[in-house]
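These notes concern the structure reproduced below.
Each chain gets a letter, A, B and so on, in the order its sequence line appears, and its residues count up from 1.
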There are 4 protein chains.
Amino acid sequence: MPEPQQTPKTRSLREHLNRIIFEFDTPAGKAFDVALIVVIVLSVIAVMLDSVDAISIHYQHLLKGAEWLFTGLFTIEYLLRLYSARQARRYATSFFGVVDLLAILPSYLSLFLPHSHYLLTIRVLRVLRVFRILKLARFVGEAGTLRRALNASRYKISVFLATVVAIVVIAGSVMYLIESPEAGFTSIPASIYWAIVTLTTVGYGDISPQTPLGQALASMLMVVGYGIIAVPTGIVTVELNRAHQQSLLLAKCRSCGKEGHDNDAVFCKYCGNALGEAGDG
Amino acid sequence: MPEPQQTPKTRSLREHLNRIIFEFDTPAGKAFDVALIVVIVLSVIAVMLDSVDAISIHYQHLLKGAEWLFTGLFTIEYLLRLYSARQARRYATSFFGVVDLLAILPSYLSLFLPHSHYLLTIRVLRVLRVFRILKLARFVGEAGTLRRALNASRYKISVFLATVVAIVVIAGSVMYLIESPEAGFTSIPASIYWAIVTLTTVGYGDISPQTPLGQALASMLMVVGYGIIAVPTGIVTVELNRAHQQSLLLAKCRSCGKEGHDNDAVFCKYCGNALGEAGDG
Amino acid sequence: MPEPQQTPKTRSLREHLNRIIFEFDTPAGKAFDVALIVVIVLSVIAVMLDSVDAISIHYQHLLKGAEWLFTGLFTIEYLLRLYSARQARRYATSFFGVVDLLAILPSYLSLFLPHSHYLLTIRVLRVLRVFRILKLARFVGEAGTLRRALNASRYKISVFLATVVAIVVIAGSVMYLIESPEAGFTSIPASIYWAIVTLTTVGYGDISPQTPLGQALASMLMVVGYGIIAVPTGIVTVELNRAHQQSLLLAKCRSCGKEGHDNDAVFCKYCGNALGEAGDG
Amino acid sequence: MPEPQQTPKTRSLREHLNRIIFEFDTPAGKAFDVALIVVIVLSVIAVMLDSVDAISIHYQHLLKGAEWLFTGLFTIEYLLRLYSARQARRYATSFFGVVDLLAILPSYLSLFLPHSHYLLTIRVLRVLRVFRILKLARFVGEAGTLRRALNASRYKISVFLATVVAIVVIAGSVMYLIESPEAGFTSIPASIYWAIVTLTTVGYGDISPQTPLGQALASMLMVVGYGIIAVPTGIVTVELNRAHQQSLLLAKCRSCGKEGHDNDAVFCKYCGNALGEAGDG
């Protein structure tokens with residue numbers, strides 16, 4: 001939608017709201033964020049308690065009222081955010097913009113679909129805002145390191161996941177042939193579910209092989225899973241280590257301005273001049 | 001078999017087929033590969049649904065027909081691949097050649113052995129071809145890194161596996177003596193199965209120690225398993241790290257011929273001459 | 001409290017007690033610490049045995065007497081520690097000071113609250129003193145390395161834990177909607193409990209999905225958990241590696257003052273002078 | 001025992017036996033080792049089959065006969081080893097010497113103690129000799145790397161194990177107070193067993209918390225276990241990496257003979273002379 005022409009006054013009001021709602025460098029902004037997180041946590045707890053029969057029987061009206069109160073508050077907050085955001089469309093399509101919308105939709109949805117209000121627990125994602133109040137930059141930086149590490153290893157992880165899918169499909173089919181439906185292997189999808197439960201070492205035990213041959217094959221699958229668990233860990237560790245080492249390579253040459261020198265280098269490897277005390281890692 | 005004398009026309013037809021079936025750098029080749037993967041996924045889903053009783057009762061004829069349709073298609077494709085491959089024998093004995101054959105055999109086998117058609121899910125391995133359509137080189141490179149890492153640590157992994165086998169055989173025998181058959185320890189092989197389930201931290205719970213002494217020994221086995229899970233992870237991580245560092249050491253100095261320069265180095269750190277564009281990682 | 005004026009004699013007695021109780025560089029101090037650990041282990045075993053019905057029925061009086069004997073001994077010891085500590089307040093608020101107090105409180109508490117004496121097993125924390133008798137410095141150093149590694153990665157771990165909480169709350173709510181109470185998903189908190197049991201790959205199996213849709217979602221959660229287990233391992237490994245490398249960088253050149261030499265270097269690699277015995281790692 | 005005076009002939013016989021039994025660089029020695037491993041594997045399988053009721057009923061005499069045949073062979077082999085070993089006492093007290101003795105004792109023991117012959121599966125340890133036939137040096141080297149890595153981290157692992165023991169004892173005691181015996185928490189030792197099953201993520205499910213408070217505490221224990229699993233993995237990975245890097249530091253200076261130079265060093269850091277092409281890593 002095209003941004004409406006703004007008079008100085010509305011701009012000042014929007015600007016004021018923006019600083020309270022989106023920033024936290026003013027006392028009002030900080031108070032707003034702290035209050036918001038308290039309300040979010042309370043609303044998630046209310047939804048959870050509503051699902052516990054022993055509690056919801058006695059406090060049905062209280063919990064229903066609380067749900068609509070929280071939904072009303074979050075709806076007002078969402079509209080204010082849309083109004084005061086510098087780029088409304090960009091906010092609405094951002095991660096937190098979508099979460100803010102999803103955090104109120106289930107309530108209205110529950111008017112048509114019973115039980116769908118339990119999806120309100122998606123509000124827990126809003127709590128991730130808490131990182132903004134705590135040392136923001138630090139946390140975002142660390143999350144960025146994790147994200148970069150996962151991103152850099154996405155090809156390796158794709159190859160790994162494809163291998164896992166192939167293993168569980170074939171293992172599930174073979175076990176379906178070997179084991180009987182009485183042991184829980186009622187269909188190939190159910191057997192694949194069992195293979196995933198086994199390969200990830202979760203092991204519920206609701207489906208488990210009963211025949212010696214099935215147990216032997218399951219043992220092999222477990223040992224394979226034991227070895228395969230090492231692969232994602234190795235990938236992520238190497239990537240985290242690489243990201244860590246790159247953040248160390250900050251020393252800058254005063255002559256040519258290039259970074260990336262070894263920790264103990266004395267001369268710049270790009271221009272040959274002495275590195276001096278310009279930068280310090 | 002000796003290659004038959006080829007007239008220019010058959011060679012051109014074979015060449016044409018070869019480019020469509022084995023390559024994906026032409027629009028026709030790309031379309032063929034995409035269609036192939038869709039058909040493979042559909043055929044695996046059909047086999048899976050056929051194993052679900054609630055579904056197979058109602059759609060028995062449809063699923064049976066689909067299975068034979070897919071088998072027919074894959075049989076024609078296999079014969080065309082054999083015909084158009086530059087080295088038919090090499091294709092037939094390659095990984096994908098064997099998989100392509102195994103992907104049609106169970107259908108014909110099911111004429112004699114009932115249920116064996118469930119093994120058709122081995123077709124899922126054919127989906128691994130999907131990596132050829134996506135950025136091939138990148139994926140194959142990453143798979144190569146993983147394979148090299150696993151290969152380089154095969155001695156350490158053999159020592160590790162031998163230790164695990166020795167632990168589970170001895171732990172299983174001791175538990176067979178301590179625990180009663182009622183708890184599930186009906187024989188030494190069953191007890192070894194339990195030891196593997198425990199050491200890999202799968203823990204179904206279908207067999208579990210009931211006596212205090214058995215539980216104490218099981219606890220020790222779990223703590224050992226907890227420590228032992230660290231070994232393959234450590235091995236793979238170190239090898240992945242080594243493989244990663246080796247891929248960095250590719251640039252070669254044209255003046256002195258030494259390798260081992262940093263990725264971003266401009267001058268050789270051994271002789272001081274410019275590195276130039278001789279080698280590139 | 002203000003330290004009372006000390007006569008030489010009391011100071012000498014307190015000093016003597018202090019050396020026996022807090023130090024272990026004298027034969028008496030060593031004997032005291034060894035005896036203490038034996039008594040602690042015996043007292044923890046006594047509390048454990050008291051909880052086993054088959055044993056407590058026959059030896060009730062013996063175990064009750066032992067408990068009060070150990071409590072009496074530890075009470076006297078605690079008072080002596082308070083008396084002889086150089087800074088009584090600092091001891092009382094230290095980790096071991098609080099543990100020493102908690103190790104006697106449950107006995108007195110059990111006079112009012114039955115069964116609370118089972119909390120006496122907190123005495124096991126007192127056994128951690130054993131590290132003082134063994135090579136103290138080495139162990140404290142290693143514990144320090146572990147603590148520093150965990151401390152350095154506390155931001156990454158916070159981001160990780162917040163992600164895990166968000167995943168289990170949302171996964172639990174969705175599964176509560178999909179699965180029936182008969183399968184164990186009786187409320188959202190119970191479903192979140194199931195999600196934690198699944199994501200950590202514990203997998204008791206007391207609650208497990210029964211519907212195909214629930215099993216499919218559970219499978220996805222397991223694979224996510226399989227990948228997520230790699231993150232804390234990667235973080236801790238990188239931090240341990242960093243801590244290890246930092247402990248290597250201790251040798252300092254007396255000529256140019258630079259650090260970062262290899263452990264076995266004899267000459268400074270920056271200025272060429274002998275490193276000498278100035279610093280030692 | 002004092003070595004008896006040897007005539008040239010007995011020495012030659014002993015020497016001959018020694019080369020066959022202990023070495024594998026002659027055809028006879030190789031054949032002996034291969035035959036030995038086949039017999040060991042057969043004997044372990046015989047003991048396992050003997051424990052399977054369905055099999056032992058039909059082949060009781062055959063399996064009994066096989067057991068005594070194998071025991072007889074191994075007894076003769078043990079005596080020959082004792083006779084031909086260059087230092088009989090050193091062999092008898094070595095790892096494989098003790099295993100060779102333990103591999104025959106249970107048979108004789110079973111004459112007095114029924115069922116003790118199942119301990120014959122300890123013979124599986126004898127199979128570890130297989131590494132001698134395959135590329136010995138390589139395997140022993142890798143086993144040595146693993147052993148050194150574990151050895152170097154024994155202090156960190158001790159601190160880690162002590163922490164784990166403290167956690168499971170306290171968690172077990174608290175759960176014993178919270179949960180009822182009906183849920184399986186019948187005593188503190190049983191609850192500690194549950195805590196170990198949970199912390200190691202095995203999760204049998206034979207004992208599992210039923211109350212909301214118990215489930216909340218169990219969830220915390222699982223998340224702690226999830227984080228704690230990272231510690232041994234991190235320790236072993238760092239040590240394996242260190243061991244790997246040390247094995248790279250083999251380049252030797254021709255002037256002073258010292259090793260341990262960086263991979264890319266040109267001048268010896270100990271004596272200052274050029275390293276040359278003497279050694280290559």
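Residues of residues 189-200 of chain A having a heavy atom under 4.5 Å from any heavy atom of chain C, listed by number: A:Tyr193, A:Ile196, A:Val197, A:Leu199, A:Thr200.
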**Request:** Go through A:Val47 and C:Ile188 one step at a time and tell me if the side chain to side chain contact (heavy atoms under 4.5 Å, CB included) criterion holds.
**Result:** CA-CA 8 Å; A:Val47 175; C:Ile188 291 185; 4.2 Å; yes
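When all heavy atoms of C:Val231 and A:Val236 are compared, the closest pair comes out as CA-CG1, 4.3 Å. Contact between C:Pro209 and A:Tyr204 at its shortest, heavy atoms only, is CD-CE1, 4.2 Å. Scanning all heavy atoms of the two residues, the minimum distance from A:Leu161 to C:Val223 falls at CD2-CG1, 3.8 Å.
Take A:Ser43 and apply the side chain to side chain donor-acceptor pair (under 3.5 Å) test, not counting sequence neighbours, and it matches no residue. For the side chain to side chain donor-acceptor pair (under 3.5 Å) test, residues two or more places apart in sequence or in another chain that qualify with A:Tyr108 are A:Thr75. Residues passing the side chain to side chain donor-acceptor pair (under 3.5 Å) test with A:Thr201, sequence neighbours excluded: none.
No other option in C:Ser208, C:Gly205, C:Gly203 has as many heavy-atom pairs under 4.5 Å with chain A as C:Gly203.
Heavy atoms of C:Thr186 lying under 4.5 Å from chain A belong exclusively to its backbone. Interface remark: C:Val169 contributes backbone and side-chain atoms alike to the contact with chain A (heavy atom separation under 4.5 Å).
Here the CE-OG distance, from A:Met48 to C:Ser173, works out to 6.0 Å after rounding to the nearest 0.5 Å. One finds the CG atom of C:Asp206 at 11.0 Å from the CG atom of A:Asp206 (value rounded to the nearest 0.5 Å).
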